[in-house]
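Labels below follow one simple rule: chain letters A, B, ... track the order of the sequence lines, proteins then strands, and each chain is numbered from 1. For the numbers below, each heavy atom of this structure counts, side chains included, while hydrogens, waters and symmetry mates do not.
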There are 2 protein chains.
Amino acid sequence: MYESFFRNFNSKVALTAEEEALIKNYLSPKKIRKKQYLLQDGDICKNIAFIEKGALKSYSVDDNGNEHIIQFALEGWIIADLYSFLTGEPATYNIDAIEDSELVLINKAAHEELLVKFPKYETFTRLNITNAYLAMQRRLTSIISSPIEERYSNFIAIYPDIVQRVPQHMIASYMGLTPETLSRIRRRILSK
Amino acid sequence: MYESFFRNFNSKVALTAEEEALIKNYLSPKKIRKKQYLLQDGDICKNIAFIEKGALKSYSVDDNGNEHIIQFALEGWIIADLYSFLTGEPATYNIDAIEDSELVLINKAAHEELLVKFPKYETFTRLNITNAYLAMQRRLTSIISSPIEERYSNFIAIYPDIVQRVPQHMIASYMGLTPETLSRIRRRILSK
DNA sequence: CCGGATCGTTGACCAAAGTCAATGGTTTTT
DNA sequence: AAAAACCATTGACTTTGGTCAACGATCCGG
């Protein structure tokens, strides 16, 4: 249990066997079925979830009932409403499972205690958030500076696994497009 | 010197006078004139810059010579090409001064040494990057889920100081719009 | 194995934003 | 103080993506 989590942790900050054993006490496993919510708009986000296996997405629903996908997360990624988690404010979006998934949860009390007791956990956290920041910046700059075709080509180059496993209309939503438009863009790209 | 920097630092992690004195040795001040570059596309980003006073922006220039503004930063903010800074790869965008500004620079060697020698500096860094992440996520979700009018209204509500000090066409670029479109949106909003 | 969702594609039409060009006001430079 | 550069606005036109509707294919649950 927690294999992927500790593989990931060790790749960022090496842990001794004792440290691993201690940290394990702060973790809890969770299995979640396809379409199940991990977090709903209005709830308070009580956990950070590391994905051992599977795929989840976070998304908001607007006044017209349209979903807008904020993030995809596969194995090795972390997903949460960080704002809600850190501030205790209600979440402003949903998280649910795209596939049956296995998670490692770290709740707020555990997170805070780990931060002060294990400097390595703080480093792990800092590196995770830094990676998340860089990934989001790539996405943002691509949104504001690249033509749509290039954005999509770029996306399939960086995240081929997501393209394989996630329905196309969710990817359209992630890119801020309608499914129809994405379908047309794909046709344009293919005919080149 | 460094007043704003340490005020900011202490608001996140309290320092003793001795710690402040030690950390000062890792910092260097820099003044930069309006329109001067802090970083140019292709350079390697050697410093993180904390803004004591003034305003800067980061932006990319596309194949047609159009600028796309990635970030504004005023007093109390940090600006850098974090990707380039962390990896040593050449920067993919520019940073320049919108106003005459005063900066506190932390170079890479200093940053790394501070991280290992001062756990408080790692906490400071973690909190900074977390804030940057949350701010960027707000921006991103607003781009993908709000109609443009609302995005602009939201922007002036959150960053009134930027609206005051930064020319409108830069704000248009930041929002992914042409200056003409932003001008028309403003008219629409005013006539309500 | 059947029936209903879900999904991707396509077409016709519409709405929104971009482009190009001109104008007038303001700021900056010399 | 005059010239130049910069900036916001407006109008006419074009391009792009969104909307609505229909159709087949596939997936999934009973």
### Query
Does A/Y174 have A/R139 sitting over its ring (NZ/CZ under 6.0 Å from centre, angle to axis within 45°)?
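Output yes; distance and angle both within limits.
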In whole angstroms, how far is the [atom2] atom of [N] from the [atom1] atom of [X]?
| X | N | atom1 | atom2 | answer |
| --- | --- | --- | --- | --- |
| A/Q164 | C/dG8 | CD | P | 14 Å |
| A/M175 | D/dG18 | CE | C1' | 15 Å |
| B/I148 | D/dT16 | CD1 | C1' | 13 Å |
| B/R151 | C/dA16 | CZ | C1' | 13 Å |
| B/R188 | C/dA16 | CZ | C1' | 8 Å |
| B/L177 | C/dT19 | CG | C1' | 14 Å |
| A/I185 | C/dG8 | CD1 | C1' | 14 Å |

Which atoms of nucleotides 4-9 of chain D (N or O only) lie under 3.5 Å from a protein N or O atom, and what are those distances?
unit_1	atom_1	unit_2	atom_2	d
D/dA8	OP1	B/Q168	N	2.6
D/dA8	OP2	B/H169	N	3.1
D/dA8	OP2	B/H169	ND1	3.2
D/dT9	OP2	B/Q168	NE2	2.6
D/dT9	OP2	B/S183	OG	3.1
D/dT9	O5'	B/S183	OG	3.2

#### Entry: Test item: side-chain donor near acceptor, A/N107 and A/Y26, under 3.5 Å
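Absent: no donor and acceptor within the cut-off.
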### Residue met sooner reading DNA chain C from 5', once B/N66 and B/K34 are mapped to nucleotides
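Nearest-nucleotide comparison on DNA chain C picks B/N66.
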### Query
Side-chain contact, heavy-atom cut-off 4.5 Å: B/E122 with A/E122?
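Result yes, sub-4.5 Å side-chain heavy-atom pair found.
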### Message
Please determine whether a side-chain nitrogen or oxygen atom of B/T178 lies at a distance below 4.0 Å from atom OP1 or OP2 of C/dA17.
### Response
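It does not, given that no N or O in the side chain of B/T178 lies less than 4.0 Å from OP1 or OP2 of C/dA17.
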### Query
Which atom pair, heavy atoms only, marks the closest approach of A/L103 to A/A49?
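Looks like CD1-CB, 4.3 Å.
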### Message
Please find the pair of heavy atoms, one from B/K34 and one from B/D100, that lie closest to each other, and give the distance.
### Response
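Smallest heavy-atom distance, with atoms named: N-OD1, 2.7 Å.
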#### Entry: Test side chain to side chain contact (heavy atoms under 4.5 Å, CB included) applied to B/T92 and B/S60, step by step
CA-CA 7 Å; B/T92 56; B/S60 62; over 6 Å; no
### Query
Over its full length, what angle do the end axes of the helix from C/dC1-D/dG30 to C/dT30-D/dA1 make, each axis taken from five pairs and the result rounded to 10 degrees?
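About 60°, once rounded to a multiple of 10°.
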### Task
Please test B/F6 against B/F50 for ring pair (Phe, Tyr, Trp, His ring centres under 6.0 Å), starting from the C-alpha separation and ending with a verdict.
CA-CA 11 Å; B/F6 282 109; B/F50 175 90; 9.2 Å; no
### Query
Should B/D81 and B/F85 be marked as a side chain to side chain contact (heavy atoms under 4.5 Å, CB included) after you check the CA-CA gap, both sets of side-chain angles, and the distance that decides it?
CA-CA 6 Å; B/D81 181 338; B/F85 181 79; over 6 Å; no
### Query
Which of parallel (below 30°), tilted (30 to 60°) and perpendicular (above 60°) describes B/F72 and B/F155?
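Plane angle between 30° and 60°, so tilted.
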